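A short write-up of the structure that comes next.
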Protein chains: 2
Amino acid sequence: MAGESETSVSTESEAKRLVGTNDPYGGVIVHINEPMDPATFLSLITSSIAHWKLQGKKGVWIKLPLDRVNLVEAAVKEGFWYHHAEPDYLMLVYWIPQTPHTLPANATHRVGIGAFVINPNREVLVVQEKSGLLRGTGVWKFPTGVVDEGEDIGAAAVREVKEETGIDSEFVEILAFRQSHKSFFEKSDLFFVCMMQPLSFDIQKHDQEIEAAQWMAFEEYAAQPFVQKNELLNYINDICKAKIDGQYSGFSPVPTMSFSDQKMSYLYLNGKATERDSRG
Amino acid sequence: MAGESETSVSTESEAKRLVGTNDPYGGVIVHINEPMDPATFLSLITSSIAHWKLQGKKGVWIKLPLDRVNLVEAAVKEGFWYHHAEPDYLMLVYWIPQTPHTLPANATHRVGIGAFVINPNREVLVVQEKSGLLRGTGVWKFPTGVVDEGEDIGAAAVREVKEETGIDSEFVEILAFRQSHKSFFEKSDLFFVCMMQPLSFDIQKHDQEIEAAQWMAFEEYAAQPFVQKNELLNYINDICKAKIDGQYSGFSPVPTMSFSDQKMSYLYLNGKATERDSRG
């Protein structure tokens, strides 16, 4: 929403204030970078909010890096609360108007992928992991992983397949997805099963993460007792088998310009069912 | 992962320590509820970590409510960092082993819905919003909203349609979805277009949020210049039209037991393409 400001304190003669950049929703974003003592910070917050109130500003965002942790308490005492946090910073927020706030909600979902990579011999790429719930069980599974911040789902699947097995692949479509809740603390999880076309075939497994990797006949994978007993994996097997046999269509990605900000984003849709391919 | 502990400080004779509950990954979760001064907290952290280290524990989670903000600095000085935050608490984390941590990533995506509600007269339910980018433009749009923490996608669509228009509806399937990045700060966004079956028809609009709401002939909605000029909305229109004409299949929800923890979750798949309906 805004770049880093060079300095976060103004030095006007009348009153020292925090320097913020405006956001498109009538808000102000302040990045605190240089060291400061809490008393100075508190007085800057007070004078700045008075100033922004006169300007008709609404939301005030203060981004405090982890090493500015000494300022968190002062902000909260002045009426700020937590919006979100990442390992290296805490984002605090304040709402100036008397009306209920209209600030955006925090992120609620982690996004994961499972990669269904099938070669022309009807063999699926499977791994055994060195950690996690299936460690040491001998169960063969699809490569899986977590989508990084800012990463497209298909790109995450390509990356994870490469990292775990050394196989180059191309993302084809989403075969199915699952939403689950409380996957860690109160956060939810969206897991996308991605159909991948392999572009190389020689496996080079990731030694730290992966115990073993191989191409395995799809029927042999599907016949594993662990897979057979798992309702979710059974559904996914049926979908993958239907896909191999040309009897299933998932959602494929179409690049489009975004609704509000004219950035490119992927729309995932059932391309088999409409005639949109004829467009530019 | 764990319930609230009654008290967060043990009173054993040998040494006072924080009381944690174990998580299934070799970690400890501590909820700090009662007031405490930072010096006491620091000494409790130090003795507790020494104790957990001997026990072979790995991750240490400390959940500090907003009104325990006075303890944040002490935890960070002892080596904790931010994992995530919500308006009323900050989750701090620490990794005891010398190896790189294997803690779960934070949530990266906000999830939103757009509801395509079509009645038997081929009329679509549309609204004009009182806030947001389309305020005052006269543009008619689908009801939209953000999926709450822990809420199923389909349930969010039912809720938003009811809140904005008073219409009862039933979730049918996901027609398409879009992933976009940097929708607020560094976080991403997943937006699901939901096909809904209306169960009532008399509109009672939400006076605070909605300027106007009506049933509108689908062709009239689609012909709006704003819609025509927007590539993303054009794709969605084509999908909705194909759906009305019985020539499109999206992803419908199937309740399944989850892979790892035997909780119920929804798998979304192209139900038209496989024969899974015959199962229990």
Side-chain angles (χ1 to χ4, degrees), chain A residues 1 66 69-70 72-73 76 81-82 84-87 90 102 104-111 131 133 146-147 149-150 152-153 176-181 184-188 190 230-232 235 238-239 242 247-250 254 256-260 263 265-270 273-274 276, chain B residues 1 66 69-70 72-73 76 81-82 84-87 90 102 104-111 131 133 146-147 149-150 152-153 176-181 184-188 190 230-232 235 238-239 242 247-250 254 256-260 263 265-270 273-274 276:
Chain A
M1 280 175 166
L66 184 64
V69 65
N70 63 315
V72 176
E73 190 176 357
V76 170
W81 67 89
Y82 308 139
H84 63 279
E86 293 296 326
L90 175 62
T102 58
N106 192 6
T108 48
H109 286 65
R110 195 166 46 165
V111 178
S131 62
L133 296 172
V146 174
V147 176
E149 191 167 85
D152 286 321
I153 294 166
F177 67 89
R178 183 206 58 184
Q179 186 191 25
S180 56
H181 301 301
F184 66 106
F185 300 106
E186 298 304 312
K187 299 293 180 176
S188 301
L190 276 162
N230 188 303
E231 188 183 25
L232 177 65
Y235 275 108
D238 287 355
I239 292 168
Q247 293 174 350
Y248 187 87
S249 53
V254 178
T256 62
M257 293 307 279
S258 175
F259 179 74
S260 52
K263 282 188 295 193
S265 58
Y266 282 110
L267 180 68
Y268 295 82
L269 51 81
N270 186 344
T274 55
R276 252 159 292 88
Chain B
M1 280 174 166
L66 184 63
V69 64
N70 64 314
V72 176
E73 189 176 357
V76 170
W81 67 90
Y82 307 139
H84 64 278
E86 293 296 326
L90 175 62
T102 57
N106 192 5
T108 49
H109 286 64
R110 195 167 45 165
V111 178
S131 63
L133 296 171
V146 174
V147 175
E149 191 167 86
D152 287 321
I153 294 166
F177 66 89
R178 183 205 58 182
Q179 185 191 25
S180 57
H181 300 301
F184 66 106
F185 301 105
E186 300 303 312
K187 298 294 181 176
S188 301
L190 276 162
N230 187 303
E231 189 184 24
L232 178 64
Y235 275 108
D238 287 357
I239 292 167
Q247 293 174 352
Y248 187 88
S249 53
V254 178
T256 62
M257 292 308 278
S258 175
F259 179 75
S260 53
K263 282 189 296 195
S265 58
Y266 282 110
L267 180 68
Y268 295 82
L269 51 82
N270 186 343
T274 54
R276 252 159 291 90

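Reminder, nothing fancy here: chain letters follow the sequence lines and each chain counts from 1. Bear in mind that the values here come from a model prediction, so they are computed numbers and not experimental data.
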> Which pair of heavy atoms, one from B/Asn270 and one from A/Tyr248, lies closest together, and at what distance?
Replying inline: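 In this case the closest contact between B/Asn270 and A/Tyr248 is N-OH, 2.9 Å.
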>> Show the nearest heavy-atom pair for residues A/Ser265 and B/Arg178, with the distance to one decimal.
In response: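 What the structure gives for the nearest pair is OG-CD, 3.3 Å.
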> With respect to chain A, which residue among B/Asp152, B/Asn70, B/Val146, B/Leu190 yields the maximal number of heavy-atom pairs within a distance under 4.5 Å?
Replying inline: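 Looking at each of B/Asp152, B/Asn70, B/Val146, B/Leu190 in turn, B/Asp152 comes out on top.
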> Looking at B/Pro87, B/Ala105, B/Gly250, which has the largest count of heavy-atom pairs under 4.5 Å with chain A?
Replying inline: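 Heavy-atom pair counts peak at B/Pro87.
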>> Is it the case that the side chain of A/Glu231 and the backbone of B/Thr256 share a donor-acceptor pair, with hydrogens and angles ignored and the cut-off at 3.5 Å?
In response: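 A pair under 3.5 Å: no.
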>> Strictly distance-based, threshold 3.5 Å: is any side-chain N or O of B/Asn106 a donor or acceptor partner for the main-chain N or O of A/Ala85?
In response: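 Yes; at least one donor-acceptor contact below 3.5 Å.
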> Where does the angle between the aromatic ring planes of A/Phe177 and B/Phe177 fall among parallel (under 30°), tilted (30 to 60°) and perpendicular (over 60°)?
Replying inline: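 If you compare the ring of A/Phe177 with that of B/Phe177, the planes turn out perpendicular.
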> Only one of B/Lys187, B/Glu149, B/Glu86, B/His109 forms a side chain to side chain contact (heavy atoms under 4.5 Å, CB included) with A/Thr108, so which one is it?
Replying inline: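 So the option named by the test is B/Glu149.
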> By a 4.5 Å heavy-atom criterion (distance strictly below it), what part of B/Val76 contacts chain A: side chain, backbone, both, or neither?
Replying inline: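 Just its side chain gets close to chain A.
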> Which answer fits A/Ile153, side chain, backbone, both or neither, if we ask what part of it has an atom under 4.5 Å from a heavy atom of chain B?
Replying inline: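 Answer is both: backbone and side chain atoms of A/Ile153 are under 4.5 Å from chain B.
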>> Nearest 0.5 Å, please: how far is CH2 in A/Trp81 from CG in B/Leu66?
In response: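 Here the interatomic distance stands at 10.0 Å.
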> How many angstroms lie between NE2 in A/His84 and OH in B/Tyr82, if you round to the nearest 0.5 Å?
Replying inline: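 Answer for the NE2-OH pair, A/His84 versus B/Tyr82, is 12.5 Å.
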